[in-house]
Every structure is written in structure tokens, then in C-alpha cells.
Amino acid sequence: QVMLVESGGGLVQPGGSLRLSCAGSGFTLDYYAIGWFRQVLPGKEYEGVSCISRSDGGTWYAEFAKGRFTISRDNGMVYLQMNSLKPEDTAVYYCAADLTCGSGYLSLTETDDHDFWGQGTQVTVGS
């Protein structure tokens, strides 16, 4: 079965760090652009966080993520390093796979906009 699998979420204190991972089950992520999205509350709109292209490794970030989050690829996985976490970063984080990403990609906040969509990993920032 072809699917995306996220991991690495958890509970962290404000100012702390987490590294989220996105893996492909049944396919390799090397041939896809990968995006990270988050949903603060169930039923609320998804919010684009970051994406990385499949070819030249170009990256894009939402304004709230710039300077704190870093997206990267390594050995067929995609990572989202999140530093200086704030309580407002609390959300379920999802990865998505598509052929391309770019400056408008993070506005594609419907799951049907994407070729693949994971099941999410919970990030909770609090004491």
C-alpha cells in the first residue's frame, strides 16, 4: 500500500525543538516534492508550513516558520526541524507529496490538492 508516514511528534516545552520525519511506504520520496502542513484543531483549515522541491532542493517556508523551521532531505526521508517552538505551533502536522512545489504551493490547503497525504503526527507545545 502506497502511503506517507509521519513521525517525531510529541510534547515539548516552549522554546524546545522537535524533528518530524516523513517517509514513503511503498514508494520513494526522492521523486516527489514534499510539503508539510498543519491543522490546529480538527475540522479547521490546514495551514502550509514548508515544502522542498524534488529536483534542486529548493525550499519554501510560511512566514511563521522562517528562521525557526528547516526542511531537508536525506536518504529518502524528508525532515522538518522545528526550533524555538511556541504554544501556537501546537497542531497535527502532515506531510504531502506532489510532483512540484513552489511559492504558491503552501496555499494548497485541501487534501485533494495533493497526490499523497499522510495521517499526521501530533505536536504539542506546552508545560
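Here the structure is a predicted model, which is why all the values come from computation and not from measurement.
Judged as a salt bridge (Lys or Arg N to Asp or Glu O under 4.0 Å), not a single pair has a partner in residues 4-30 (not counting sequence neighbours).
Under the 3.5 Å distance criterion, the side-chain polar atoms of Gln39 are matched with a main-chain donor or acceptor of Lys44. Although no hydrogens or angles enter the test, the distance criterion places a donor-acceptor pair under 3.5 Å between the side chain of Arg54 and the main chain of Leu99. Without hydrogens or angle criteria, Thr121 side chain to Gly9 main chain gives a donor-acceptor distance under 3.5 Å. His114 places no side-chain N or O within 3.5 Å of a backbone atom of Cys95 that could act as its donor or acceptor partner. Side chain of Ser53 to backbone of Gly58: a donor-acceptor contact under 3.5 angstrom is found.
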Pair Leu29-Cys22, side-chain contact (heavy atoms from CB on, under 4.5 Å): steps then yes or no: CA-CA 9 Å; Leu29 300 188; Cys22 178; 4.1 Å; yes
Ile52 and Val78: CA distance, side-chain angles, deciding distance, side-chain contact (heavy atoms from CB on, under 4.5 Å) verdict: CA-CA 9 Å; Ile52 186 167; Val78 172; 4.2 Å; yes
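To the nearest 0.5 angstrom, Phe69 atom CZ is 14.0 Å from Thr59 atom OG1. Atom CG of Asp89 and atom OG1 of Thr124 lie 11.0 Å apart (nearest 0.5 Å). The CD atom of Glu45 lies 4.0 Å from the OG1 atom of Thr109; values are rounded to the nearest 0.5 Å. Taking OH of Tyr79 as the reference point, atom OG1 of Thr70 lies at 14.5 Å (rounded to 0.5 Å). For the atom pair OG of Ser72 and CE of Met77, the computed distance is 10.0 Å after rounding to the nearest 0.5 Å. Separation of atoms CH2 (Trp36) and SG (Cys51) is listed at 13.0 Å; rounding is to 0.5 Å.
Both Tyr61 and Ile34 belong to a common hydrophobic cluster when Ile, Leu, Val, Met, Phe, Trp and Tyr are linked at side-chain heavy-atom distances under 4.5 angstrom. In the hydrophobic clustering of ILVMFWY residues, with side-chain heavy atoms under 4.5 Å counting as a link, Tyr31 and Phe27 come out together. Hydrophobic clustering (side-chain heavy atoms under 4.5 Å, transitive across Ile, Leu, Val, Met, Phe, Trp, Tyr) keeps Val92 apart from Leu41. Linking ILVMFWY residues whenever their side-chain heavy atoms come closer than 4.5 Å, directly or via other members, places Leu80 and Leu4 in the same cluster. In terms of hydrophobic clustering, with Ile, Leu, Val, Met, Phe, Trp and Tyr side chains grouped at heavy-atom distances under 4.5 Å, Ile71 and Phe116 are assigned to a common cluster.
Under the 6.0 Å cut-off for aromatic ring centres, Trp117 and Tyr46 qualify, their centroids lying closer than that.
The 12-atom threshold is exceeded at CZ of Phe64, counting heavy atoms of other residues, nucleotides or ligands nearer than 6.0 Å. Summarising the local packing, CD of Glu88 is surrounded by more than 12 heavy atoms from other residues, nucleotides or ligands at distances under 6.0 Å. Within 6.0 Å of CD in Gln122 there are more than 12 heavy atoms belonging to other residues, nucleotides or ligands.
The minimum heavy-atom distance linking Val123 with Leu20 is given by the pair CG2-CD2, 3.9 Å. Smallest separation of non-hydrogen atoms from Ala62 and Gly48: CB-O, 3.3 Å. Contact detail for Val5 and Ser25: the closest heavy-atom pair is CG2-CB, 4.3 Å. Shortest non-hydrogen contact noted between Tyr94 and Gly118 is CD2-O, 3.5 Å.
For the residue pair Tyr93/Arg38, the side-chain donor-acceptor check at 3.5 Å is satisfied. If you check the side chains of Asp98 and Tyr105, you find a donor sitting under 3.5 Å from an acceptor.
Under the 4.5 Å side-chain criterion, counting only non-hydrogen atoms from C-beta, Ser17 is in contact with Gln81. Between Ser50 and Trp60 the shortest side-chain heavy-atom distance does not fall below 4.5 Å.
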